[in-house]
Amino acid sequence: MKIFKGKALFIDRSDINTDEIIPAKYLTEITKKALKPYLLEDLDLQGFDPSCDVKDKGVIVTRDNFGCGSSREHAPWALEVNGINMVIASGFARIFRQNMFNCGMMAVKLSPDAIDHIFNTYGGLETFVDTDFDKMLFTFSSGGLKEEIPFTIDEFDQSLVKAGGWVEFADRVY
Amino acid sequence: MGKTIAEKIFDTHHVDNPSGDIHVISLDAVFCHEITTPIAITDLQTRGKNRVFDPDKIKVVIDHVSPAKDSKTAMQGKILREWAKKHGIKDFFDIGRNGVCHAIFPEKGFARPGYTIIMGDSHTCTHGAFGAFAAGVGTTDLEVGILKGVCAFKKPESIQVTISGRLQEGVYAKDVILALIGRIGVNGATDRVLEFSGPVVDAMTMDQRMTLCNMAVEAGATSGICPPDKVTLEYLWPFIQNQYPSKEEALKSFKAFAPDEDACYVDHIELNVSSLPPQVTYGYKPDQIKPVSEMSGEKIDQVYIGSCTNGRLEDLEIAASIIAGKKISDDVRAIVSPATPDIFSKAIDKGIIKAFMDAGFCVTNPTCGACLGMSNGVLAQGEVCAATTNRNFNGRMGKGGMVHLMSPATAAASALTGKITNSPLFKG
Ligand code: SF4
């Protein structure tokens, strides 16, 4: 199983598309590693600088409909090679969400209220997120602040995360 | 209780229900192109699973960057070519016979009513125009599709979209789908199927239905679906005539995938298009829509007519009728890319290509090219393109470029003036 913890990268906008996560011109790469320098290169967001803000992060926290647009699995891969195995958002585009779990990564949906709360409390602060997969609990901490936030992912997605992805699972079962 | 089209297709393809609302279904076709498939192939090889479930159900095309523009894209083609050969995949369309995937596969009769289709491409929803459940997937899902002929989906709920009224002259399927996306938003149909119906859809040709379904994903939808009918039948008849004793019998079997009267939808959307004017996007999201009249006069640098949304024969015909005998503005460059060789050659026969060339258009071979900013018309920083494509994301056609999505008629009219302009066909 992959590691689902680390410093949070806050992206305070809905509808982040996969062209923003990894531009099409890099789709000619045939290794995942090659995508590493280009994560979020085209994300035009005030105060965000892809050349330094992505470094050392392990988790993305964002708003609604994350990963919309192109079906490219290069989007989860670009995250993965940068050490980001998990995105927490108030909603995901279908294909992106499925791609994450298919790769044994996590796309966790929280209520808009919970996401609001996280942005209001931790946005702009250096924040660490830890995950207890079995109890389905996140721990958010920053300075003196600390709290547990529960989440749910369904049984099938859990089994994909545990199996390390869908290829092995499907080839065995079907 | 009655069933939607998607529910009927899921019932006939059921394989497993591993948990909750997750359903594993069997696939009738797996479509492949050179951007997302080579990496799936190399991964399968690494896993020691270099197999395919059925070479006859796998259809392959090189379309996104064709001809190859550099060694990396050449390598993607090479991997795909060798793999297709090794596994005896007969339906492989290489340069010279290739076209944009969502235009060439339907043209070959590969999309049929009741089919389940996946592809590593988000606009796979286009094939729903034939009454198929067709969905874009990522590379891992594609790998499993290639290997086992199955895919897992949440059983999709459907939104019924009834399109009523009558389109004014100069207003097209592209304007309708832009208006719908503008209304429900880029997230308005996430995890759902948009099931289209109503008199306007019934009156649409297959080309128009494909435009409609093509952009379903721009509202987040898993697939767009039109009920299969006589129009579908006439289009597919050359491919299926040996399978049915008569057209009536074929139509009867298609109707098995018509939605039931008492089907259950999560939502109903009624769109009356009688007073709908031509539409255009103004921002970086496909739901940022305005009537063309409100954007008119906005300067453009490039016009692009093509793509899986609007690169078909009807699209070229409409655009050509507007530019015929005229010249494009000196301040603009214009590119037209017929979506398949068949469309290209018919357009030559009809004098359409000559009309474009005489007007000052660059005519390219069938390829995705500029649509995703890979080749054949990439924008420079700060440039603006009037395009018949489906995505206006920031950087889509080149870093720092702006794309305005519109119908071929509006794009053609805009090429003549160098500014966003309503087509003369629209009298409203
Ligand atoms: S034409 Fe554009 S949207 Fe269509 S398949 Fe090609 S790149 Fe994708």
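Quick note on labels: first sequence line is chain A, next is B, and so on, each numbered from 1. Quick caveat, the model's predicted, so the values are computed rather than measured. Every heavy atom of this structure was used, including side-chain atoms; hydrogens, water molecules and symmetry mates were not.
- In this structure, chain A has heavy atoms under 4.5 Å from both the backbone and the side chain of B:Val186.
- Remark: B:Glu143 does not engage B:Lys49 in a salt bridge, criterion side-chain N to carboxylate O under 4.0 Å.
- Looking at B:Thr190, the atoms closer than 4.5 Å to chain A (heavy atoms on both sides) all sit in the side chain, from C-beta outward.
- Counting heavy-atom pairs closer than 4.5 Å to chain A, the top-ranked of the candidates B:Asp191, B:Val65, B:Asp21 is B:Asp191.
- Residue contact with chain A, scored on non-hydrogen atoms closer than 4.5 Å, involves the backbone and the side chain of B:Leu372 alike.
- Between A:Glu20 and A:Arg13 a salt bridge is recorded (basic side-chain N to carboxylate O distance below 4.0 Å).
- Shown here are the side-chain hydrogen bond (donor to acceptor under 3.5 Å, both in side chains) partners of A:Trp77, two or more places apart in sequence or in another chain: there are none.
- Heavy atoms of B:Leu142 lying under 4.5 Å from chain A are absent altogether.
- When heavy atoms are compared at a cutoff of 4.5 Å, B:Ala40 does not approach chain A at all.
- Taking both residues in full, the closest heavy atoms of B:Gly128 and B:Cys213 are given as C-SG, 3.9 Å, listed atom of the first, atom of the second, then distance.
- Ranked by non-hydrogen atom pairs under 4.5 Å with chain B, the options A:Cys103, A:Pro76, A:Ser14, A:Ala24 are led by A:Ala24.
- Contact count versus chain B (heavy atoms, under 4.5 Å) is highest, among A:Gly69, A:Gly165, A:Ala75, for A:Gly69.
- Using a cutoff of 4.0 Å between basic side-chain nitrogens and carboxylate oxygens, A:Asp15 and B:Lys285 are scored as salt-bridged.
- Within the 4.5 angstrom heavy-atom criterion, atoms from both the backbone and the side chain of A:Leu27 approach chain B.
- Of the listed residues A:Asp64, A:Asp171, A:Val173, A:Thr31, the one with more heavy-atom pairs under 4.5 angstrom with chain B than any other is A:Asp171.
- Centroid-to-centroid, the aromatic rings of A:Phe119 and A:Phe10 come within less than 6.0 Å.
- Heavy-atom pairs under 4.5 Å with chain B peak, among A:Glu29, A:Lys32, A:Lys25, at A:Glu29.
- Side chain to side chain, B:Thr309 and B:Asn390 meet the donor-acceptor criterion of an N or O pair below 3.5 Å.
- A pairwise comparison of heavy atoms in B:Pro286 and B:Ile181 identifies O-CG2, 3.5 Å as the closest pair.
- In this pair, A:Phe138 and A:Phe151 present their aromatic rings parallel. The plane angle is below 30°, not in the 30 to 60° band.
- Heavy-atom distances place no part of A:Phe96 under 4.5 Å from chain B, backbone and side chain included.
- Note on B:Glu34, B:Arg51, B:Met75, B:Lys154: by heavy-atom pairs under 4.5 Å with chain A, the leading option is B:Arg51.
- Interface check for chain A: of the options B:Val15, B:Val24, B:Asp43, the most heavy-atom pairs under 4.5 Å are formed by B:Val24.
- For B:Thr140, the parts sitting under 4.5 Å from any heavy atom of chain A are the backbone and the side chain alike.
- A donor-acceptor pair shorter than 3.5 Å cannot be found between the side chains of B:Ser66 and B:Asp63.
- Looking at B:Val378, neither its backbone nor its side chain comes within 4.5 Å of chain A, counting heavy atoms on both sides.
- Proximity to chain A involves both the backbone and the side chain of B:Arg396, based on heavy atoms less than 4.5 angstrom apart.
- The greatest number of non-hydrogen atom pairs below 4.5 Å with chain A, out of B:Leu147, B:Asp70, B:Val217, is found for B:Leu147.
- Residue B:Ile35 touches chain A through both its backbone and its side chain, counting heavy-atom pairs closer than 4.5 Å.
- Proximity to chain B (any heavy atom under 4.5 Å) is restricted, for A:Gln98, to the side chain, taken from C-beta onward.
- Only the side chain of A:Asp154 comes within contact range of chain B, judged by heavy atoms closer than 4.5 Å.
- Between the side chains of B:Asn394 and A:Asp42, no donor N or O sits under 3.5 Å from an acceptor N or O.
- In this structure, B:Glu82 pairs ionically with B:Lys78, as a charged nitrogen and a carboxylate oxygen lie closer than 4.0 Å.
- Ring pair B:His127/B:Phe31: centre-to-centre distance below 6.0 Å.
- With a threshold of 4.5 angstrom between heavy atoms, A:Ala170 approaches chain B through its backbone and through its side chain.
- Counting heavy-atom pairs closer than 4.5 Å to chain A, the top residue among B:Val150, B:Thr73, B:Thr42, B:Val137 is B:Val137.
- Looking at A:Arg63 and A:Asp12, a side-chain N of the basic residue comes within less than 4.0 Å of a carboxylate O on the acidic one, giving a salt bridge.
- Residue contact with chain A, scored on non-hydrogen atoms closer than 4.5 Å, is absent for B:Met119.
- Every residue two or more places apart in sequence or in another chain was checked for a side-chain hydrogen bond (donor to acceptor under 3.5 Å, both in side chains) with B:Thr36, and none qualifies.
- Chosen from A:Asn65, A:Ile95, A:Asn99, the residue pairing most often with chain B at heavy-atom distances under 4.5 Å is A:Asn65.
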